Number of protein chains: 2
Amino acid sequence: MGETIQSVERAAAILRLLASGPRQLGVAELARGLGLPKGTLHGILRTLVHVGFVEQDPATGKYRLGATLLHLGSSYLDVNELRTRSINWADALAGRSRESAWIGTLHEGHVLVIHHVFRPDDSMQTLQVGTYLPTHASALGKVLLAHDPYAEPAEPPLRPHTKHTIIDPGALEEELDRVRTRGWAAEMEELVDGEVAIAAPIKDRRGVVVGAIGIRGAVERLATDGALHMEYVSYVRDAARAITRDLAR
Amino acid sequence: MGETIQSVERAAAILRLLASGPRQLGVAELARGLGLPKGTLHGILRTLVHVGFVEQDPATGKYRLGATLLHLGSSYLDVNELRTRSINWADALAGRSRESAWIGTLHEGHVLVIHHVFRPDDSMQTLQVGTYLPTHASALGKVLLAHDPYAEPAEPPLRPHTKHTIIDPGALEEELDRVRTRGWAAEMEELVDGEVAIAAPIKDRRGVVVGAIGIRGAVERLATDGALHMEYVSYVRDAARAITRDLAR
DNA sequence: CTCATGGTTCGACAATGCCGAACGAATCGT
DNA sequence: ACGATTCGTTCGGCATTGTCGAACCATGAG
């Protein structure tokens, strides 16, 4: 056995491809996308259907992700120590700031949202747990990037989300320096127009940054004339410090 | 190739076993649980780690689920038609009833929660999307069970969650009959003490039940002297009918 | 009505991954 | 402090396992 099991790796590639778009894919499309013969793919797909990781549309014969994955994903949240330890602090942060609170980790070049508390007194928000945020255009991402030992500033080019998004690698590096020295990150309408965010790093007992926590809300509530209200910054930093302390025990 | 690919099936079994408990498991434990040689498992685990489905604790060497699964699970939600079509209705239901709204599907003998709207004006609730509810002890489960062609009342024995849980198979069958004729299900403190729930079926364009929608809240708000307030029942049934109509288009 | 495209089946070949025993490290119990 | 377990990991031979490509039907478009 050389290094890694071929069929399992291929199965994972199929799942990732199915997850990459909202569309459901057929055998032929997958074969083209992965450069594998149709017959081979069919065998793996049959197995994935059997274990519930993939579902097949009875009408068209095309394939999509299965419900078992949803359950496995939520099981991951139970195991995740960072999340279980920080849930209460995120609730408190949301309550004190009266804005939505977020917790994220670095994962494959993106910020993976592992917890999300809605803004109090404001329903009609969709939950973002499990989704990706861009590292260069989010407060959480800047914090994680700034403290990542491998300093991987996501694969260029930096995609602009609004006209305020930092797309110049040099400017991003300067911004990350500021984040490092200051200890927290701001994001001024760089991901969504009209929304700003604040984030601070969470460290484990050895001092390495394992995640970030922050809030996000309308610019008119959190800032005046482009300057953040510092009370919100202290809320976020307090929460981050509390979780860090909690993880050290 | 007989029927299904061995290594992929084994990989899935590993993931399910890791998801079954909050604890992280070692190679030896997995080998015992699955009846496979340690060496074999190690190879599959190495691959699962490589694709991010599994993480290994650097300290203890034990394995736990990986972050990629969380992202795959949330991707499933994007693809799921029932969910995308019913989100708005669930929001409306939660708003009108001022209680938490839930949408679930039958999956491997459990109710899989695919959407969950918090109760308005009440933060500090943990999201339940992706978790399982028992079929025999939840309003959603009763609805789904009552209309399941394969009529699988979950594997006995029926586990009691409170002293009101229906644990007698005969009594459950009677209850399901009532649900069928009445068109909706009630659950009076059968899952959690002090909480009641109401649910109604969602059908696709062919008329088969593909899911259920309902609300859940404190018994003192939703009922008086053990009798549900019928206005809540109509809220739920209205929402279910609206989604059914929506799916038919 | 034809043709292209999509999902599925099949059988032969050999590459692939399974297995069991052996290794070194860590932990537990005494 | 020291054996005795128990753990995660490595390795190489064997045959089981999965890969491959061509052939098979359905479906839908032109």
Side-chain angles (χ1 to χ4, degrees), chain A residues 1-66 79 81 205-206, chain B residues 1-66 79 81 205-206:
Chain A
M1 179 168 26
E3 275 295 300
T4 158
I5 292 181
Q6 194 184 51
S7 48
V8 174
E9 195 115 17
R10 288 175 171 178
I14 291 174
L15 293 177
R16 248 197 294 266
L17 205 56
L18 286 175
S20 67
R23 238 176 70 263
Q24 41 187 46
L25 302 173
V27 174
E29 288 175 280
L30 290 166
R32 226 171 292 124
L34 298 175
L36 291 174
K38 281 198 297 180
T40 304
L41 274 171
H42 182 73
I44 302 178
L45 280 169
R46 190 195 319 161
T47 313
L48 287 174
V49 169
H50 185 246
V51 298
F53 285 22
V54 160
E55 290 168 2
Q56 183 171 203
D57 191 317
T60 66
K62 287 175 184 289
Y63 295 92
R64 56 169 178 261
L65 294 181
V79 189
E81 191 190 355
R205 67 204 86 214
R206 295 192 312 279
Chain B
M1 175 168 30
E3 276 297 300
T4 159
I5 291 180
Q6 195 184 51
S7 48
V8 174
E9 195 116 16
R10 288 175 173 178
I14 291 174
L15 293 177
R16 248 198 292 268
L17 205 56
L18 286 175
S20 67
R23 239 176 68 263
Q24 42 188 43
L25 302 173
V27 174
E29 289 175 279
L30 290 167
R32 224 172 293 123
L34 298 174
L36 291 174
K38 280 197 297 179
T40 304
L41 274 170
H42 182 73
I44 303 179
L45 280 169
R46 190 196 318 160
T47 312
L48 288 174
V49 169
H50 184 248
V51 297
F53 286 21
V54 160
E55 290 167 2
Q56 184 171 201
D57 191 318
T60 67
K62 290 176 184 286
Y63 295 91
R64 56 169 179 261
L65 294 181
V79 189
E81 191 190 355
R205 67 204 88 215
R206 296 192 311 280

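Here is the naming used below: chain letters follow the sequence lines, and residue numbers restart at 1 for every chain. Source: prediction; values computed, not measured.
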Atom [atom1] of [X] to atom [atom2] of [N]: distance rounded to whole Å?
| X | N | atom1 | atom2 | result |
| --- | --- | --- | --- | --- |
| B:Gln6 | C:dG17 | CD | P | 11 Å |
| A:Ile44 | C:dT8 | CD1 | C1' | 15 Å |
| B:Glu9 | D:dT16 | CD | P | 20 Å |
| A:Asp57 | D:dT27 | CG | C1' | 14 Å |
| B:Arg46 | C:dC18 | CZ | C1' | 13 Å |
| A:Leu41 | D:dA22 | CG | P | 16 Å |
| B:Leu25 | D:dT6 | CG | P | 18 Å |
| B:Leu45 | C:dC18 | CG | P | 12 Å |

Close side-chain approach of B:Leu30 and B:Leu45, heavy atoms under 4.5 Å: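 Result yes, sub-4.5 Å side-chain heavy-atom pair found.
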To the side chain of [X], which of [options] is closest?
| X | options | value |
| --- | --- | --- |
| A:Leu36 | D:dG18, C:dC19, D:dC20 | D:dC20 |
| A:Tyr63 | D:dT19, C:dT8, C:dC19 | C:dT8 |
| A:Pro37 | C:dC18, C:dG17, D:dG21 | D:dG21 |

Could you tell me which non-hydrogen atom of [X] sits nearest to which non-hydrogen atom of [Y], and how far apart they are?
| X | Y | result |
| --- | --- | --- |
| B:Gln24 | B:Tyr63 | CB-O, 3.1 Å |
| B:Val79 | A:Pro22 | CG1-O, 4.1 Å |
| A:Ile5 | B:Gly43 | CD1-C, 3.8 Å |

Touch class at under 4.0 angstrom, heavy-atom based, for A:Gln56 against every strand present: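 Sugar-phosphate, no base atom in range.
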A:His42 vs C:dT8: side-chain N/O to OP1/OP2 distance below 4.0 Å: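 So the side chain of A:His42 is within the cut-off, an N or O lying under 4.0 Å from OP1 or OP2 of C:dT8.
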Reported CD1-to-CD1 distance for the pair B:Ile44 and B:Ile14, which is rounded to 0.5 angstrom: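 Going from CD1 on B:Ile44 over to CD1 on B:Ile14, the span is 4.5 Å.
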Of B:Ser7 and A:Gly61, the one whose closest DNA chain C nucleotide lies more 5':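 First, find each residue's nearest nucleotide; the 5'-ward one identifies A:Gly61.
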Most 5' of A:Gly26 and A:Val8 on DNA chain C, judged by nearest nucleotide: A:Gly26
DNA chain D-proximal residues of residues 27-35 of chain B, any heavy atom under 4.0 Å: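 B:Val27, B:Ala28, B:Arg32, in order of number.
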Backbone N/O of B:Val8 and side chain of A:Thr47: donor-acceptor pair under 3.5 Å: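 No: the side chain of A:Thr47 does not pair with the backbone of B:Val8.
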Ion pair A:Glu29/A:Arg23, N-O distance below 4.0 Å: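 Yes, A:Glu29 and A:Arg23 are salt-bridged.
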Base of C:dG7 paired with side chain of A:Lys38 (donor-acceptor, under 3.5 Å): yes
